There are 2 protein chains.
Amino acid sequence: MKSAFQRQSPGEAAILDAAVQLFSTNGYDAVSMREVASAAGVSKANIYHHFASKETLYRAILDQSAADLSGLVETLAASTGSFESRLAEFAAGHLQHLDRNPLASRLIIREAFSGDNQRSRILVDQVFGDIFERIVAIFRAGQQAGSLRADLDPALCATLLMGADVFFFQARDVLAQFPDVEFACHSPRFSREMVEVLLRGMMNSPMEVRA
Amino acid sequence: MKSAFQRQSPGEAAILDAAVQLFSTNGYDAVSMREVASAAGVSKANIYHHFASKETLYRAILDQSAADLSGLVETLAASTGSFESRLAEFAAGHLQHLDRNPLASRLIIREAFSGDNQRSRILVDQVFGDIFERIVAIFRAGQQAGSLRADLDPALCATLLMGADVFFFQARDVLAQFPDVEFACHSPRFSREMVEVLLRGMMNSPMEVRA
DNA sequence: GCTATAACTGACCGTCCGGTCGGTCAGTTA
DNA sequence: TAACTGACCGACCGGACGGTCAGTTATAGC
């Protein structure tokens, strides 16, 4: 793919746009290069002019998706404030980030959770790992400050928080079909109540801090 | 497929065994009928003797997987006891059930969360929905008994609980690679701490009940 | 043993797969 | 103006896809 200093041709851009749509929706194996070409409005041979193989094209899409999602890590790094506010900020920001990058999110999540047949194990683990470590760091800081209960594993707490967002992102369409599940269409409400429950379950109560 | 009163031929059984392995690991699109035949030790044509098409074979696998997972619903229906004990029982039982049926679990979860290209929307939604409704019912009962906070949405609580287990099941292999994540190899520990945090965050405190 | 049927198979089919080849075209540069 | 280059394409390639067919073998029932 072109470096940052070279402008993409219209064809290349169209190919990438079409590919991210198709791969994100249907997965790697169900998408043919003819399909990508047709959706992009170019010939299949033109894809091979820009990308050495189907695998290379997919890898380019994954790289871009990873870059899209890594914006969240920067946000986390810049975050300051009390333990509670940082957590609330993360939970809302994380889910919002997933929602704003649905294609990238779905791609990375699918790769992360797929079985043995994986194309970019290292990249995906890194994306997940970076985000995960940042969350764990917040929990550790909270524990050292006496806000988070000392008997809880910060990594387990991070798993609960991250898992809630990722599951919601994945399951939202299914949940929306069940009766009385209004929050399925309202991410901020889910985030708010989820964080409230988790914080209440994880925090040292004021009495305990004073004692 | 044969009815319950007819015995499967060795070939048919081998085909189903091979197919569930391959489809569960690699997904529908990445698995060819030649691959299934080879893994089953039969000819490809023999698959078509027993199953009208690839789709029919896959549907048979899904039906079986749904039946495997529905055992959990029966367990939930039979459960009695206090709100807390029912929740703890569910959380541990749910994850244990996923662990004991990894192939079926992975298949159903993948179908539930895949994009527009779905083969058994109704079946999968039903499996998920049945389990979900049972959990919501437990939360509702707890709320009516005054154990669960009145300001919480039972469906949202059910989402948090179910989501924690499903995410853990999906992400465990990824998590295991991160530093200091020992619980990734220890489902019971995850279940215990997860329920403890959620319950603490969701329960009416004894003081509030008395007031 | 005979018959009917289920189970099974190698060869085949049309179509589609990822990828290649030889070319054209428009723009840029020397 | 000739040479070069990146973008692009129709036609083609060998192989693989899901599925079919006629024949063979195994099994069950009489």
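Quick caveat: nothing in here was measured; it's all calculated off a predicted structure. Chain identifiers are assigned alphabetically (A, B, ...) following the order of the sequence lines, protein sequences preceding nucleic acid strands; residue numbering begins at 1 within each chain. Side-chain atoms are counted along with the backbone in the values below, which use heavy atoms only and exclude waters and symmetry mates.
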What I want to find out is whether Asp99(A) reaches Arg172(A) closely enough, with some N-O distance under 4.0 Å, to be called a salt bridge.
yes
Just checking, is any N or O donor in the side chain of Ser114(A) or Arg110(B) under 3.5 Å from an acceptor N or O on the other one?
no
Polar side-chain atom of Ser70(B) near backbone of Ala67(B) as donor-acceptor pair, under 3.5 Å:
yes
Which whole-number value in Å describes the distance from Asn46(A) CG to dT24(C) C1'?
13 Å
Quick one: does Asn46(A)'s side chain have a donor or acceptor within less than 3.5 Å of a partner on Val42(A)'s backbone?
no
Residue mapping more 5' on DNA chain D - nearest nucleotide basis, Ala45(B) or Tyr48(B)
Tyr48(B)
Do Leu175(A) and Phe128(B) have side chains that get closer than 4.5 Å, going by heavy atoms?
no
His49(B) atom NE2 is separated from dG18(D) atom C1', nearest whole Å, by 18 Å
Less than 6.0 angstrom separating the ring centers of Tyr58(B) and Tyr28(B), yes or no?
yes
Please check if the side chain of Gln143(A) supplies one atom and the backbone of Asp151(A) the other of a donor-acceptor pair under 3.5 Å.
no
Tell me the interatomic distance from Lys44(A), atom NZ, to dC8(D), atom P, rounded to whole angstroms.
16 Å
Give the residues of residues 31-41 of chain B touching DNA chain C, defined as any heavy atom closer than 4.0 Å, sorted by residue number.
none
Is the charged tip of Lys54(B) near the ring of Tyr48(B): under 6.0 Å from the six-membered ring centre and within 45° of its axis?
no
For DNA chain C, what string of dots and brackets results from 5' to 3' when Watson-Crick and G-U pairs need both distances under 3.5 Å, crossing pairs get [ ], and pairs with another strand get |?
||||||||||||||||||||||||||||||
Can you tell me how far P of dC17(C) sits from CG of Leu22(A), to the nearest Å?
12 Å
